[in-house]
Participant: 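Let me begin by handing over the structure; questions about it come next.
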Amino acid sequence: MKINLSHEFYKFAHRKIPLYGILVLLVLMLYTVGTSYKMTPSLLSQGFGAGQWAIIIIIAISSDMIAMEWRNNTMATLLYKTSHKSILYTAKFIVLVFYSFILLVFGIIFSFILKTLMVGSKFSWHDDYHGHPLINALFLNMG
């Protein structure tokens with residue numbers, strides 16, 4: 001399992017699509033800000049849609065990752081060399097869970113930046129939103 005996991009992390013880290021995923025997340029968050037009618041605490045507590053956009057990005061990246069392996073005929077080799085198919089797929093799943101965590105961290109960072117640039121001082125992170133401070137609502141929604 002350890003070898004499969006290190007191989008998957010290596011393959012994933014040496015592709016450009018994870019970086020494109022982070023850039024697409026930023027663009028989609030900017031799109032959410034640009035198309036919203038007005039700034040509300042709800043939009044801010046949702047991280048400008050970062051959680052929803054991250055799910056879509058993860059689906060696209062995971063399907064591309066599997067399709068690339070089948071397209072290059074490396075999946076057949078990996079399945080042949082691995083004693084259990086479930087170990088191979090579990091390693092891929094762990095890599096994607098790790099990447100989804102990274103996407104959510106970048107979503108929180110981009111939320112702070114967008115709040116500073118777009119919203120300014122209209123809302124404070126300590127404002128009450130459904131019984132929680134706004135920053136706690138952001139972390140709860142991202143979690």
Side-chain angles (χ1 to χ4, degrees), residues 1-79 81-82 85-143:
M1 177 69 171
K2 191 185 281 187
I3 294 171
N4 284 333
L5 198 56
S6 67
H7 286 248
E8 291 301 322
F9 272 114
Y10 179 82
K11 286 190 295 187
F12 194 74
H14 284 82
R15 295 185 65 207
K16 291 188 181 193
I17 194 131
L19 296 175
Y20 294 152
I22 293 170
L23 291 175
V24 166
L25 178 66
L26 176 62
V27 168
L28 289 172
M29 288 173 70
L30 285 170
Y31 170 77
T32 302
V33 170
T35 59
S36 64
Y37 174 68
K38 65 179 183 174
M39 287 295 156
T40 61
S42 174
L43 186 63
L44 191 58
S45 71
Q46 293 293 323
F48 303 103
Q52 294 87 353
W53 295 124
I55 291 170
I56 294 170
I57 292 168
I58 287 294
I59 291 169
I61 287 177
S62 63
S63 64
D64 178 67
M65 187 169 83
I66 299 293
M68 181 214 47
E69 300 252 347
W70 283 108
R71 191 172 48 240
N72 295 334
N73 293 325
T74 56
M75 185 63 88
T77 305
L78 288 172
L79 290 172
K81 288 182 178 180
T82 304
K85 293 178 186 178
S86 61
I87 292 174
L88 179 66
Y89 289 118
T90 303
K92 289 182 182 304
F93 180 74
I94 290 171
V95 169
L96 288 172
V97 167
F98 181 74
Y99 182 67
S100 65
F101 178 74
I102 289 172
L103 267 182
L104 289 177
V105 167
F106 273 100
I108 290 171
I109 292 169
F110 293 154
S111 295
F112 285 125
I113 293 170
L114 289 175
K115 191 258 184 208
T116 304
L117 296 176
M118 302 291 186
V119 180
S121 62
K122 185 176 180 183
F123 300 112
S124 171
W125 287 114
H126 302 291
D127 289 347
D128 189 45
Y129 180 72
H130 295 295
H132 299 285
L134 201 52
I135 194 162
N136 287 356
L138 174 69
F139 286 125
L140 285 172
N141 285 328
M142 288 295 178

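Quick note: residue numbers are just sequence positions, from 1. Reckoned from all heavy atoms, side chains included, excluding hydrogens, waters and symmetry mates.
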Participant: Tell me, do Lys11 and Thr74 make a side-chain contact under 4.5 Å, heavy atoms counted?
Facilitator: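 Not in contact.
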
Participant: In Å, rounded to the nearest 0.5 Å, how long is the span from NZ of Lys92 to CD1 of Ile66?
Facilitator: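 It is 5.0 Å, given to the nearest 0.5 Å.
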
Participant: Is the shortest heavy-atom distance from the side chain of Phe48 to the side chain of Phe110 under 4.5 Å?
Facilitator: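 The answer is no, as the side chains (C-beta and beyond) never meet within the 4.5 Å cut-off.
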
Participant: For Phe101, what residues pass the ring pair (Phe, Tyr, Trp, His ring centres under 6.0 Å) criterion, not counting sequence neighbours?
Facilitator: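 With neighbours one apart ignored, the set is empty.
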
Participant: Please identify which of these residues, Ile94, Leu96, Thr90, Leu88, meets the side chain to side chain contact (heavy atoms under 4.5 Å, CB included) condition with Glu8.
Facilitator: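 Exactly one candidate clears the test, Leu88.
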
Participant: Measure the spacing between CG of Leu23 and CZ of Phe106 and express it to the nearest 0.5 Å.
Facilitator: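 Nearest 0.5 Å value for the CG-CZ distance: 9.5 Å.
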
Participant: Quick one: pull up OG in Ser62 and CD1 in Ile57 and give me the separation to the nearest 0.5 Å.
Facilitator: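 Output value for this atom pair is 12.0 Å.
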
Participant: Might you point out which heavy atoms bring Glu69 and Met65 nearest each other, and give the distance in Å?
Facilitator: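 The answer is CG-O, 3.1 Å.
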
Participant: Would you name the heavy atoms of Gly107 and Ala50 that are closest together and state the gap between them?
Facilitator: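 It is CA-CB, 4.0 Å.
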
Participant: Is there a side-chain contact between Leu25 and Met29 (heavy atoms, below 4.5 Å)?
Facilitator: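 Leu25 vs Met29: side chains touch.
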
Participant: Measuring from His132:NE2 to Asn141:CG, what's the distance to the nearest 0.5 Å?
Facilitator: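 The distance works out to 9.0 Å.
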
Participant: Specify the closest pair of heavy atoms between Ser36 and Leu43, including all atoms of both residues, with the distance to one decimal.
Facilitator: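 Closest heavy-atom pair between Ser36 and Leu43: OG-CD2, 3.6 Å.
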
Participant: Just do the side-chain contact (heavy atoms from CB on, under 4.5 Å) check on Ile22 and Tyr99 with the steps written out, would you?
Facilitator: CA-CA 10 Å; Ile22 293 170; Tyr99 182 67; 4.0 Å; yes

Participant: Can you measure from CE (Met142) to CD (Gln46) and round to the nearest 0.5 angstrom?
Facilitator: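 Between atom CE of Met142 and atom CD of Gln46 there are 8.0 Å.
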
Participant: Tell me if the CZ atom of Phe112 is crowded by more than 12 foreign heavy atoms within 6.0 Å.
Facilitator: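 Check passes, neighbour count above 12.
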
Participant: At what distance, to the nearest 0.5 angstrom, does OG of Ser45 lie from CG of Leu140?
Facilitator: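 Ser45 OG to Leu140 CG: 9.5 Å, rounded to 0.5 Å.
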
Participant: Using side-chain heavy atoms (C-beta onward) and a distance below 4.5 Å, is Asp127 in contact with Pro41?
Facilitator: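 With C-beta onward as the side chain, the pair stays apart.
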
Participant: Is the gap between the ring centers of Phe98 and Phe12 under 6.0 Å?
Facilitator: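 Centroid separation for Phe98 and Phe12: 6.0 Å or greater.
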
Participant: Please walk me through it: do Val33 and Met39 pass side-chain contact (heavy atoms from CB on, under 4.5 Å)?
Facilitator: CA-CA 8 Å; Val33 170; Met39 287 295 156; 3.3 Å; yes

Participant: Side-chain contact, heavy-atom cut-off 4.5 Å: Leu134 with Leu138?
Facilitator: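 Counting from C-beta outward, Leu134 and Leu138 never come under 4.5 Å.
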
Participant: Side chains of Arg15 and Asp64, heavy atoms from C-beta outward: is any pair under 4.5 Å?
Facilitator: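 Yes, side chains in contact.
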
